[in-house]
Amino acid sequence: MSSRYNHREVEPKWRERWAAAGVDRALSPDEAKGKKKAYVLEMFPYPSGRIHVGHSRNYTMGDVIARFRRSNGYNVLHPMGWDAFGLPAENAAMERGIHPKGWTYDNIAAMREQLKLLGLMIDWSRELATCDASYYKHQQALFLAFWKNDLVYRKKQKVNWDPVDNTVLANEQVVDGKGWRSGAPVETRELEQWMFKVTAYAEDLLAALEKLEKWPDKVRLMQTNWIGKSQGAKIWWDIAEAPSFLPPSPAGEPNHARDPVEVYTTRPDTLFGASFLALAPDHPLTKAIAEHNPEVARFIEQCAQLGTSEADIEKAPKFGVDLGVRVRHPFDPDWILPVWGANFVLSTYGTGAIFGSPAGDQRDLDFANKYKLPFKPVVLPPGENAATYKVEKDAFTDDGTLYNSKFLDGLSTRDAIKAAVTELVKLKAGEATTQWRLRDWGVSRQRYWGCPIPAIHCAKCGVVPVPEKDLPIALPEDVTFDKDKPGNPLDRHPTWKHTTCPQCDGAATRETDTLDTFVDSSWYFARFTDPNNKGAPFDKKLASYWLPVDQYVGGVEHAVLHLLYARFFTRAMRDCGFLDGPADGEPFKSLFTQGMVVHETYKSATGAWLLPEETDVKDGKRVELKSGGAVEVGAIEKMSKSKKNVVDLDAFVTDFGADVARWFVLSDSPPERDVEWTASGVKGAWGFVQRVWTLTEAHGRAAPKVEDTAPPSANEGEAHALRQLAHRAIESVTEDIEHFRFNVAVARSYELVNAIAKLKGDDEGAVFARGEALRILAQLISPFMPHLAEECWEKLGGEGFVATAPWPVADAQLAARNVVTLPIQVNGKKRAEIEAPKGAAEADVRELALQHAAVKAFLEGVTVRKVIVVADRIVNIVAN
RNA sequence: GCGAGCGUGGCGAAACCGGUAGACGCAGCGGACUUAAAAUCCGUUCGCCGCAAGGCGGUGCGGGUUCAAGUCCCGCCGCUCGCACCA
């Protein structure tokens, strides 16, 4: 009689045995002589509290790859750590009076235990947390090195300011232009901020994308667009008229009343369609006028309330104000245009000033229509007539032929751009220029729970770096988070910031800004190569051995910022002498962006979110367990704590086991797409686990070894068919894992199990074929369900761990398909099937197809015009 | 608003480089076993017409290219992600 598979005993047993045998450990380069290395990494988690099954997908995918590589003889590095600085810890501190440090470390302890339950093959000896001084000490050293190498500077930047809470707001803390806690309208303030010179590498960050062949095209495209290299022109517009209040200044000094306004455009060809100039609200000229013109001042104020989020600014209705300045058209001194301030002009791109050419740009058109500014079209779309073509509500932004444009008339868009630039250069009114959308990275945060910036402000010496011997600059722990004492706790700490200047020994203050948490995650993958190094961020040799990360797995939401910053950091670390490799500066050789786990959301009668386990289905309706009241079933959304649509990992593993969770999140949906967590899916995975175990146990004897010769009866009839299928499964699953088609690998495993169950009989051949297939099955599922696979492996008399056994190799002869089924189409519609030997000659196949009775019926009365034979695939007969 | 992606049965999906649409799983239906249920096993399941053989239609919508389109091109619709201080 077969016993039920008991995951509660089996799973912890194997985890203990793996740990005792050190299966999870990465070998040192010396120990691993002769082995290839594989560095597999999942984006490390923020320790937000507890792990739910949604998180597990990302780590399971990485684990499948890590285990697969281990089985294929690689020296595998698969580490885990914590992205432990950040806002939620401070929010928890404010809301619940807990210290961010205690909250964070408690969460880490809980989540570590949960992750261990999953049976991930992780080298826990390399665990790190970015909030440890032992980690951020080295980050401060990197900051100082970047500073020394001219990759760090200070600059004024706009921030969202909450005037009630007296604090800087993150974009996500601005809701409808108001602070999320105070509800006060947001103001924009300028603060002196620390910047990383990412743009120093703009050209290389762009060019190198082409070589990242194992990154998804969509991510490369998003990065390309983000970097946004564009060719265009700067144009200088002479001022014809300016308000008299703009103060005059001596020659040679900047003067808003006299200096031309510089504009950047990618479309100088549309200059004759210019209707106005528009400046950003924080353009120097706009600001200078606002000092004397209340209407312009109000305009700036209104813009400030939009916050700093580009999405919010661009979604807002367009508005502007006439600045009272008039400029001359570069191609016609008598043509005078108005200068406006406009909310849709971004100060962070180009020169913060544009010329509006309404017929050729939708935003310019909307603006011109709103303020009744006259304009005319200058680009004629292909196929349109100049006499009748009109632009009213829809701008034409594509290429066409120039008209209404004097010397540019008749030229194509492309030629006209060149001609216009040539003319601008001749008139000394402009020049060709390359523009980037990419900006330098502002890393200052006015927050407590982050890495302190190692700088000192001295009244005499200015801003001075902290000497390296004084690192780490550690966060003080005695801080308060009272709601009524707002601002940065570091800044208001009574003693922490007071120090002496390392240069003049005079009284000085520490920098109280901390680093953006994106900095923490920009180099952690390098630290993992040598996580316990006390004297340096990491050893050069170890980093060169392990880097780049061979397989990086994470959410597509990081497609731009995190990945770009990490690419910048690797280059910067290399150029500052920390890294020898990878020479191309690319940290991640292969990238996979996985989909999320989504789940239905539930709301009680009172409108409160409910956990799935707080509800049940009764008579086809979902009800609240506690009250019996009706539950409103909401949208299927990404599992998140706030909507409570989460399934906690501990409880699930207790009920069903880690293997069921792992199998489920990889089944059904392709890894890059979202997967919905459902009870029926769990049931399916559970049933599969039981079935594999039942079949293995029922077999009741050791499986043949790889080197054993099959008895002749195993190569006949059904036994032979099972052997073929098993060896084809090896080929397929191996390919599927290589290409991240985990859901297909799962389907192949089902097919194999179905075939094993189907083969009856206890003769020598059947026993051999079944034993062999079960052994192969245990190996093929071992990266997905490692605990079950070990138990089966042991039952089948396998030596050692299945986790360290060499990956099975398909017998090419058994896996080969000698006969193929070819569909025969007549005029593209399938009419028959024929069987033909693989690689059969085209003429033979053609003949077979034409002679087929069913085909002949369709060819009666028509002439065969053409017969297309695609070898081993299809035959299509064209006839009429 | 801008940039990117996705859309296939009742449901999750598969389909390699343009070559049999629906593998595999879930759910359903029919049956076997059983006092009964659960579990298990066997069969069946895209729609329409047909006793059947078979035929016709079908991959969000509308066009196009091709001997052949889920796959390529153009235009829509819907959803998801990112937009620089969430991580």
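The residue A:Q193 sits close to a base: some heavy atom pair falls under 4.0 Å. Among the heavy atoms of the strands lying under 4.0 Å from A:S444 is at least one base atom, whether or not backbone atoms are also near. Using a 4.0 Å heavy-atom cutoff across all strands shown, A:P670 reaches sugar-phosphate atoms only and no base atom. Looking at heavy-atom distances under 4.0 Å, A:Y349 makes no contact with the nucleic acid at all. Looking at heavy-atom distances under 4.0 Å, A:V219 makes no contact with the nucleic acid at all.
We find that A:E90 and A:R181 are not joined by a salt bridge, their nearest charged nitrogen and carboxylate oxygen being 4.0 Å or further apart.
Closest approach of A:M43 and A:Y552 over heavy atoms only: CG-OH, 3.4 Å.
The 12-atom threshold is exceeded at NZ of A:K318, counting heavy atoms of other residues, nucleotides or ligands nearer than 6.0 Å.
Residue A:A747 places its side chain closer to B:rA23 than to any other of B:rA23, B:rA27, B:rG1. Of the candidates B:rA14, B:rG19, B:rU20, the closest approach to any side-chain atom of A:R673 belongs to B:rA14. Taking every side-chain heavy atom of A:K218 into account, B:rG5 is the closest of B:rA87, B:rC86, B:rG5. Comparing B:rA13, B:rG19, B:rA84 by their nearest atom to the side chain of A:L561 picks out B:rA84. Residue A:E751 places its side chain closer to B:rC24 than to any other of B:rC67, B:rC24, B:rC85. Taking only side-chain atoms of A:R873, from C-beta outward, the nucleotide of B:rA84, B:rG19, B:rA4 with the closest atom is B:rG19.
Nucleotide B:rG7: paired with B:rC77 (Watson-Crick or G-U wobble, both distances less than 3.5 Å).
Spacing between B:rA87 and B:rG78 at atom C1', rounded to whole Å, works out to 28 Å.
Ring geometry for A:W441 against A:Y565 counts as parallel: the plane angle stays under 30°, on a 0 to 90° scale with 60° as the upper cut.
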